[in-house]
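Along the sequence shown, the residues carry numbers beginning at 1.
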Amino acid sequence: MGSNWVLGVDTSHWSGKINFPKMYQAGARFWITKATDANRTTGLQFEDSEFDNYCKAAFDLGELLTGCYHWLQYSVDPKVAAQFYLERYTRYKFDFPPILDFEEPSVRDTGRFSDYAWRASEWCKEVERVTGRKPIIYTAKWFTSYFSEKMISWMRDYPLWVADYTWWANNVTKAPYYMPKPWEKATIWQHSADSNGRGSEFGVQAKSIDLNWYMGSYDELLEWLKVAQPEEPLTLEEKVEMLWDAVFGE
């Protein structure tokens with residue numbers, strides 16, 4: 001992996017209680033959590049049960065770059081789903097753009113691939129229209145392989161957050177290896193998840209934790225997110241010089 005890549009985590013209510021200072025001390029510099037979802041059968045939308053609790057604690061800490069995602073279902077009008085998500089996204093001042101989780105496994109059983117891809121497109125367009133920010137799409141090669149190039153070619157215009165936990169990626173290429181179509185590169189790489197046993201290390205109650213790399217430096221991440229870099233505190237000498245100029249300067 002790149003020596004200067006930025007480590008981050010993602011969570012949902014399955015993570016249990018979270019100690020955010022411990023998460024930061026373990027090296028995480030960004031945190032993304034689940035915001036919204038819907039029942040795949042009834043279309044009843046719901047907010048992740050820990051969304052507010054996590055956000056309040058993370059924003060109180062104020063050290064982590066923050067984001068939240070929506071799990072896409074085919075049982076909800078995509079524009080309605082977008083508005084439901086945006087009600088949560090705008091509740092806090094998230095650093096990351098809106099994020100769409102494109103991986104509903106039951107789509108394989110229904111065969112509604114074209115429909116699901118269309119819903120993703122409509123969701124992304126509505127969210128970008130409202131926020132002015134191009135959403136990130138989270139997915140993996142195992143899932144996009146079910147879709148034709150025509151169904152998802154539009155996705156290449158959106159930043160990719162890819163899931164690839166394979167031994168080959170983590171130990172040989174040391175970068176995402178199984179790249180989902182239609183992308184040629186990823187911006188964020190989820191490289192470790194279930195069964196890594198590192199939950200406690202990063203302050204979560206669950207046994208494991210989803211770990212991610214932003215594949216660039218921290219300064220590059222801030223620039224990409226359009227987050228202002230905090231100014232370095234003045235040294236004692238600089239403070240004395242400013243005071244001298246204020247009192248005796250012309």
Under the side-chain contact (heavy atoms from CB on, under 4.5 Å) test, residues paired with Glu128 that sit two or more places apart
Lys134, Pro135, Tyr158

Non-neighbouring partners of Asp115 that pass side-chain hydrogen bond (donor to acceptor under 3.5 Å, both in side chains), sequence neighbours left out
Arg112, Arg119

Please tabulate, one pair per line, all N/O donor-acceptor pairs under 3.5 Å involving side-chain atoms of residues 90-100, not counting sequence neighbours.
{"from": "Thr90", "atom 1": "OG1", "to": "Leu86", "atom 2": "O", "distance (Å)": "2.6"}
{"from": "Arg91", "atom 1": "NH1", "to": "Glu47", "atom 2": "OE1", "distance (Å)": "3.1"}
{"from": "Arg91", "atom 1": "NH1", "to": "Asp52", "atom 2": "OD1", "distance (Å)": "3.2"}
{"from": "Arg91", "atom 1": "NH1", "to": "Asp52", "atom 2": "OD2", "distance (Å)": "3.0"}
{"from": "Arg91", "atom 1": "NH2", "to": "Glu47", "atom 2": "OE1", "distance (Å)": "3.3"}
{"from": "Tyr92", "atom 1": "OH", "to": "Asp52", "atom 2": "OD1", "distance (Å)": "2.6"}
{"from": "Asp95", "atom 1": "OD2", "to": "Thr66", "atom 2": "N", "distance (Å)": "2.9"}
{"from": "Asp95", "atom 1": "OD2", "to": "Thr66", "atom 2": "OG1", "distance (Å)": "3.3"}

Residue pairs, two or more places apart or on separate chains, that pass side-chain hydrogen bond (donor to acceptor under 3.5 Å, both in side chains) and touch residues 166-176
Asp164-Thr166

Taking only residues two or more places apart in sequence, or in another chain, which ones meet Tyr74 in a side-chain hydrogen bond (donor to acceptor under 3.5 Å, both in side chains)?
Ser106

With sequence neighbours left out, what residues match Lys22 under side-chain contact (heavy atoms from CB on, under 4.5 Å)?
Asn19, Ser200

Salt bridge (Lys or Arg N to Asp or Glu O under 4.0 Å) partners of Glu201, counting only residues at least two apart:
Arg198

Just to verify, what does Glu122 make a salt bridge (Lys or Arg N to Asp or Glu O under 4.0 Å) with, not counting sequence neighbours?
Lys125

Before we go on, tell me: are the rings of Phe147 and Phe102 under 6.0 Å apart, centre to centre?
yes

Holding to side-chain hydrogen bond (donor to acceptor under 3.5 Å, both in side chains), I want the full list of residues that pass it with Asp48, two or more places apart in sequence or in another chain.
His13

Going by salt bridge (charged side-chain N to carboxylate O under 4.0 Å, His left out), name the pairs with one or both residues in residues 30-41, residues two or more places apart or in two chains.
Lys34-Asp37, Arg40-Glu104

With Glu220, which residues qualify under side-chain contact (heavy atoms from CB on, under 4.5 Å), at least two apart?
Tyr214, Ser217

Any salt bridge (charged side-chain N to carboxylate O under 4.0 Å, His left out) involving residues 138-152? Give me the pairs, sequence neighbours left out, ordered by first then second residue.
Glu149-Arg156

